[in-house]
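Data block below; observations after.
Here, residue 1 is the first one in the sequence, and each next residue gets the next number. What you see below is based on every heavy atom in this structure, not just the backbone, and it leaves out hydrogens, waters and symmetry mates.
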Amino acid sequence: MHDYKWLHEYCLNRFRSAAALESRLPRPREPDDLRAVSDDRYLSLISLRIFRAGLKHSLVDAKWPAFEEVFFRFDPEKLVLMGGEHIERLMQDARIIRHLGKLKSVPRNAQFILDVAREKGSFGNLIADWPITDVVGLWRYLAKHGTQLGGLSAPRLLRLAGKDTFIPSNDVVAALKAQKVVDKVPSSQRDQAAVQSIFNQWHSESGRPMCQLSAMLAFTVNH
């Protein structure tokens with residue numbers, strides 16, 4: 001398996017300079033910043049990610065002010081009280097995206113947020129304190145306890161929130177397959193552990209965040 005030096009040199013050759021490479025790389029938020037985000041904002045991000053799935057992001061984003069309004073600014077204490085009749089009324093509201101399953105996910109994830117907050121003090125504490133060397137464990141936790149957070153939704157949510165994570169996008173998976181880390185999309189715990197291990201190796205060698213290593217790996221594909 002190639003070490004980090006190979007990955008770094010490939011990207012330097014592609015972008016011609018270290019400065020050009022650095023300008024293309026994402027930067028995660030600090031743990032204290034993640035802790036400072038309120039639970040309602042995390043619920044808004046969770047819901048935004050769910051509604052974006054399978055749709056053009058700009059379409060969803062343009063409607064998001066209306067979502068904030070009809071979902072009480074995503075106050076989880078209010079949303080856990082939202083019943084089926086309210087959801088049915090929202091299905092008639094042309095200002096928002098009327099997808100019944102996704103609409104139902106909002107009060108369910110409000111309960112998830114409150115459950116975590118009771119245990120951890122806030123949802124931000126959970127996100128901030130989870131070690132990036134086991135970020136796939138956080139994906140699985142979100143998928144298991146949240147609603148509609150399976151597949152790529154959990155890692156994409158974390159990236160949206162600013163939590164350091166790699167994302168097994170098509171390009172990243174193609175690069176991992178080329179390096180014989182996995183032979184398919186890493187959906188099993190075994191494959192996810194293999195991917196986590198190689199990212200941990202590169203993180204240790206480089207000191208770079210997982211999100212930057214993920215982007216660099218994607219840069220090696222189809223260019």
Is it possible for you to say whether [X] and [Y] belong to one hydrophobic cluster, with membership spreading through side-chain heavy-atom contacts below 4.5 Å?
| X | Y | answer |
| --- | --- | --- |
| Phe199 | Val185 | no |
| Leu157 | Leu152 | no |
| Val37 | Leu149 | yes |

How are the rings of Trp130 and Tyr141 set relative to one another: parallel (under 30°), tilted (30 to 60°) or perpendicular (over 60°)?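 The arrangement is tilted - the two ring planes meet at 30° to 60°.
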
Salt bridge flag under 4.0 Å for residues Asp61 and Arg52: yes

Salt bridge Arg98-Asp93, side-chain N to carboxylate O under 4.0 Å: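 Salt bridge absent between Arg98 and Asp93.
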
Please list, one pair per line, the donor and acceptor atoms closer than 3.5 Å that link side chains of residues 21-29 to other protein atoms, with sequence neighbours excluded.
{"unit_1": "Glu22", "atom_1": "OE1", "unit_2": "Arg208", "atom_2": "NH1", "d": "3.4"}
{"unit_1": "Glu22", "atom_1": "OE2", "unit_2": "Arg208", "atom_2": "NH1", "d": "3.3"}
{"unit_1": "Glu22", "atom_1": "OE2", "unit_2": "Arg208", "atom_2": "NH2", "d": "2.5"}
{"unit_1": "Ser23", "atom_1": "OG", "unit_2": "Ala20", "atom_2": "O", "d": "2.7"}
{"unit_1": "Arg27", "atom_1": "NH1", "unit_2": "Glu22", "atom_2": "O", "d": "3.4"}
{"unit_1": "Arg27", "atom_1": "NH1", "unit_2": "Leu25", "atom_2": "O", "d": "2.8"}
{"unit_1": "Arg27", "atom_1": "NH2", "unit_2": "Glu22", "atom_2": "O", "d": "3.4"}

For residues 80-92, which side-chain N or O atoms pair as donor and acceptor with protein atoms under 3.5 Å away, sequence neighbours left out?
none

For [X] versus [Y], what's the shortest heavy-atom pair and its separation?
| X | Y | value |
| --- | --- | --- |
| Asp39 | Gly124 | OD1-N, 4.2 Å |
| Ala175 | Thr220 | CB-OG1, 3.7 Å |
| Asn109 | Thr147 | OD1-N, 2.8 Å |
| Leu158 | Thr165 | CB-CG2, 3.9 Å |
| Ala174 | Val221 | CB-CG1, 4.1 Å |
| Val173 | Pro186 | CG2-CD, 3.8 Å |

Checking His57 now: which residues fulfil ring-ring contact (aromatic ring centres under 6.0 Å, His included) with it, not counting sequence neighbours?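 Expected list: none.
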
Non-neighbouring partners of Phe67 that pass ring-ring contact (aromatic ring centres under 6.0 Å, His included), sequence neighbours left out: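 Checked Phe67 against ring-ring contact (aromatic ring centres under 6.0 Å, His included); matches are Phe51, Trp64.
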
In this structure, CD of Gln196 is separated from CG of Asp191 (nearest 0.5 Å) by 13.0 Å

Value for CD (Gln148) from CZ (Arg49), rounded to nearest 0.5 Å, stands at 11.0 Å

Of Gln212, Arg159, Met210, Glu30, the one forming a side-chain contact (heavy atoms from CB on, under 4.5 Å) with Asp164 is Met210

What residue pairs, at least two apart or across chains, pass salt bridge (charged side-chain N to carboxylate O under 4.0 Å, His left out) with a residue in residues 63-76?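 Checked against salt bridge (charged side-chain N to carboxylate O under 4.0 Å, His left out) - neighbours excluded - the pairs reaching residues 63-76 are Arg41-Glu68, Glu69-Arg95.
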
Inter- and intrachain pairs under salt bridge (charged side-chain N to carboxylate O under 4.0 Å, His left out), touching residues 111-124, at least two apart: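 Salt bridge (charged side-chain N to carboxylate O under 4.0 Å, His left out) check on residues 111-124 returns Asp115-Arg118.
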
Given Phe112 and Phe123, is the ring pair (Phe, Tyr, Trp, His ring centres under 6.0 Å) satisfied, shown in steps? CA-CA 9 Å; Phe112 171 43; Phe123 196 78; 5.6 Å; yes

Could you walk me through whether Ser206 and Leu213 pass side chain to side chain contact (heavy atoms under 4.5 Å, CB included), step by step? CA-CA 9 Å; Ser206 69; Leu213 296 168; 3.9 Å; yes

Step by step, work out the salt bridge (charged side-chain N to carboxylate O under 4.0 Å, His left out) result for Arg35 and Asp129. CA-CA 9 Å; Arg35 284 191 197 92; Asp129 293 340; 2.5 Å; yes

Ser169 vs Asp171, test: side-chain hydrogen bond (donor to acceptor under 3.5 Å, both in side chains). Steps then yes/no. CA-CA 5 Å; Ser169 64; Asp171 283 352; 5.8 Å; no

Could you check whether Trp139 and Phe166 have their ring centres less than 6.0 Å apart? yes

Hey, do the aromatic rings of Phe15 and Phe219 have their centres closer than 6.0 Å?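 Centroid separation for Phe15 and Phe219: below 6.0 Å.
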
Just checking, is any N or O donor in the side chain of Gln201 or Glu205 under 3.5 Å from an acceptor N or O on the other one?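 The answer is yes; a qualifying pair exists.
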
